[in-house]
Amino acid sequence: MRRRLAAAAALILLAACSPPPEPPQAPSGQSPFVYVENLDIVTEWDPSKSYSNEIVAFQNIYETLTFWNPVTKKSSPRLATSWRSSPDGRTWTFNLRPGVTFHTGRPLDAAAVKSSVERTMSANAGASYIWDAVSSIRVDGPTTVTFALKYPVPLDLVASSTYAAYIYDTQAAPDLGKFFAAGRDAGSGPYTVTKWQKGKEEELTLSAYDKYWGGWGRPHYNTVKFRVVPDPDRAWRLLQRGEVSFVARLNPRLFAAASSAPGVRTSERASFQTAMLLFNTANGPMRDIRVRRAVQKAVDYQGLIEDLKGAVSPASGIIPEGLMGYVPGRAPRQDLEGAALLLNRAGYGPGGRPLRLRLTYGEGDTDWHLLATKLTAALKPLNVTIDARAMPWTAQWEQGKKRGQDIFVMYWWPDYADGYSYFGNVFHSANPPVFNLAYLRDQGLDALLDTVPELTVTDRTAAQRAYEQATKRVLDQRVAAAIPWVVNYQRAYQGAVQGYNDNPAYPDVVFVYDLRPSG
């Protein structure tokens, strides 16, 4: 299988005859592009381990071999200009873009790609599992690298992953761990880190990398700033005053206001971002499956969809529509009578012992607040009290990894445009837990999930069947979670910002280099 652009092929031929010209220097004097998020931006600086919110910055700092195109729904060139696979899908060769340098000044060549991927594989952290099929990596020339696989996987898709597919300079420092922990980067993207203030509102600043291979010959933003503003009303006021450029998410009331506000643009599209309530299957009262099933039935799924007024869509199963593994006809419904019966059988509920459950969610998310409020109201007549706590994401996650709650509320999106990570990372056994925050340990489920990556290539019908079995096991048999909705992305940004496109495979990411500032 091959993917090749004629322009890229011409570029390679030209590079063989003469050295690439120096790209124009980055522009100066442009107003910064200011991105507002409600949670901490950076949780992990090491690109081999990064697996959280920092994606919004990292996709502007680091690059991957390929890029998922939402129009073609296929991988397209990024650092690699072309690639091919053997007929059995076990050997993949990538041809790299010539003349690319890291922010450290060193060349991004085949040896650097090999070293980068091997270091990420050996880290065995974050989404490093995406390279599990790789048995060896071979440098075939300065711009040619070949991957040998233990079993066939769509490596061109894997190489476009939102996490763990970043190519970085492994020679940036003798101790890369300390280098990254200090808030430094070793990427090749259009922007590089210039300032990081952990815990501050103006958390992160990026500046244009002068020698970026794409060049700076047309108007671009020279500076990108990331601000943490948990209060959505304040974020909206900052946007109205022109102090920020882009707000990743507004509640329905504010989005409606933004849609008719002068000087503001809005964007709306379906996403791959799924809301999850993960139930503590290992400790506390929810270790009892009857309690878990009761809470699952108590969620007012339809009421939430109606109250959120277009900001979300009904979920069906665990994987959202548009990806392999989606299971239609599974939209859940509230059943308070069934919930009361289950609670009574467990010794709780009306006339039984009172039950108190701790629920945690990310602060500043009004959708989560609504969910917590409605779930609290639904369960109160059933003698169940919900202790709902809004927390900074890093604090919530750390508490979750210590099994410090009964219900962990979070969003999940795919590592690349495929359904596997919804199960492999969230419901596959993991000790210690990273994102398996339901603490599910199910060897039968694990064995089923372990067949999926290869089946995705060799027998897609069997892969879909495995996903359907896994969905039933997680939601119906083990009752490890409730899936209340799939997010519809609703963005608001300054009218002077041109060229914005939302890519569901890279959730909440604005590729700032592609924008056109005006005014």
Side chains of [X] and [Y]: closer than 4.5 Å at any heavy-atom pair?
X: Val452; Y: Phe423; result: no
X: Pro70; Y: Pro504; result: yes
X: Trp68; Y: Tyr416; result: no
X: Tyr151; Y: Pro453; result: yes
X: Asp367; Y: Arg249; result: yes
X: Leu39; Y: Glu363; result: yes
X: Val457; Y: Pro154; result: yes
X: Trp196; Y: Arg184; result: no

Could you go step by step and tell me if Trp397 and Ser52 meet the side-chain hydrogen bond (donor to acceptor under 3.5 Å, both in side chains) rule? CA-CA 10 Å; Trp397 192 17; Ser52 193; over 6 Å; no
Assess the pair [X] and [Y]: is the distance between their ring centroids shorter than 6.0 Å?
X: Trp236; Y: Phe255; value: no
X: Tyr506; Y: Phe67; value: yes
X: Tyr191; Y: Trp216; value: yes
X: Phe147; Y: Phe94; value: yes

Between atom [atom1] of [X] and atom [atom2] of [Y], what is the distance when rounded to the nearest 0.5 Å?
X: Leu79; Y: Thr143; atom1: CG; atom2: OG1; result: 12.5 Å
X: Arg516; Y: His220; atom1: CZ; atom2: NE2; result: 6.5 Å
X: Asp175; Y: Phe180; atom1: CG; atom2: CZ; result: 10.5 Å
X: Ser86; Y: Leu149; atom1: OG; atom2: CG; result: 7.5 Å
X: Leu206; Y: Thr194; atom1: CG; atom2: OG1; result: 6.5 Å
X: Arg491; Y: Thr266; atom1: CZ; atom2: OG1; result: 12.0 Å

Without swapping roles, check the side chain of [X] against the backbone of [Y] for a donor-acceptor pair under 3.5 Å.
X: Arg227; Y: Val36; result: no
X: Ser128; Y: Ala125; result: yes
X: Lys195; Y: Lys225; result: no
X: Thr458; Y: Glu454; result: yes
X: Glu203; Y: Ile41; result: yes
X: Ser116; Y: Tyr166; result: yes
X: Asp502; Y: Ser267; result: no
X: Trp131; Y: Ala164; result: yes
X: Gln396; Y: Val409; result: yes
X: Tyr513; Y: Gly214; result: yes

Could you tell me if [Y] and [X] have a donor-acceptor pair between their side chains, going purely by distance under 3.5 Å?
X: His103; Y: Asp169; value: no
X: Thr120; Y: Tyr168; value: yes
X: Thr93; Y: Thr146; value: yes
X: Thr101; Y: Tyr209; value: yes
X: Asp185; Y: Thr192; value: yes
X: Tyr51; Y: Asp415; value: yes
X: Trp83; Y: Thr66; value: no

The test is salt bridge (Lys or Arg N to Asp or Glu O under 4.0 Å); show your working for Glu201 and Arg234 and say whether it passes. CA-CA 12 Å; Glu201 178 176 313; Arg234 180 165 175 259; 2.9 Å; yes
Going through the distances and angles, do Thr162 and Phe58 end up as a side chain to side chain contact (heavy atoms under 4.5 Å, CB included)? CA-CA 9 Å; Thr162 53; Phe58 273 29; over 6 Å; no
Give the minimum heavy-atom separation between [X] and [Y], together with the two atoms involved.
X: Tyr221; Y: Pro517; answer: CZ-CB, 3.4 Å
X: Pro107; Y: Ala112; answer: O-CB, 4.1 Å
X: Ser188; Y: Val100; answer: CB-CG1, 4.1 Å
X: Ala492; Y: Leu239; answer: CB-CD2, 3.6 Å
X: Phe33; Y: Leu515; answer: CE1-CD1, 3.5 Å
X: Ala172; Y: Arg106; answer: CA-NH2, 3.2 Å

Should we say atom CZ of Arg460 is surrounded by more than 12 heavy atoms from elsewhere, each under 6.0 Å from it? no
Neighbour count above 12 (heavy atom, 6.0 Å) for Lys198 NZ: no
Hey, is Asp446 close enough to Arg441 for a salt bridge, meaning N to O under 4.0 Å?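 Judged by the 4.0 Å cut-off on N to carboxylate O distance, Asp446 and Arg441 do not form a salt bridge.
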The test is side chain to side chain contact (heavy atoms under 4.5 Å, CB included); show your working for Leu204 and Glu54 and say whether it passes. CA-CA 10 Å; Leu204 181 63; Glu54 59 272 1; over 6 Å; no
Where do Asn53 and Glu37 land on the side chain to side chain contact (heavy atoms under 4.5 Å, CB included) test, with the steps shown first? CA-CA 9 Å; Asn53 300 341; Glu37 181 61 274; 5.8 Å; no
Between Thr456 and Tyr420, is the side chain to side chain contact (heavy atoms under 4.5 Å, CB included) condition met? List the steps. CA-CA 9 Å; Thr456 300; Tyr420 178 77; over 6 Å; no
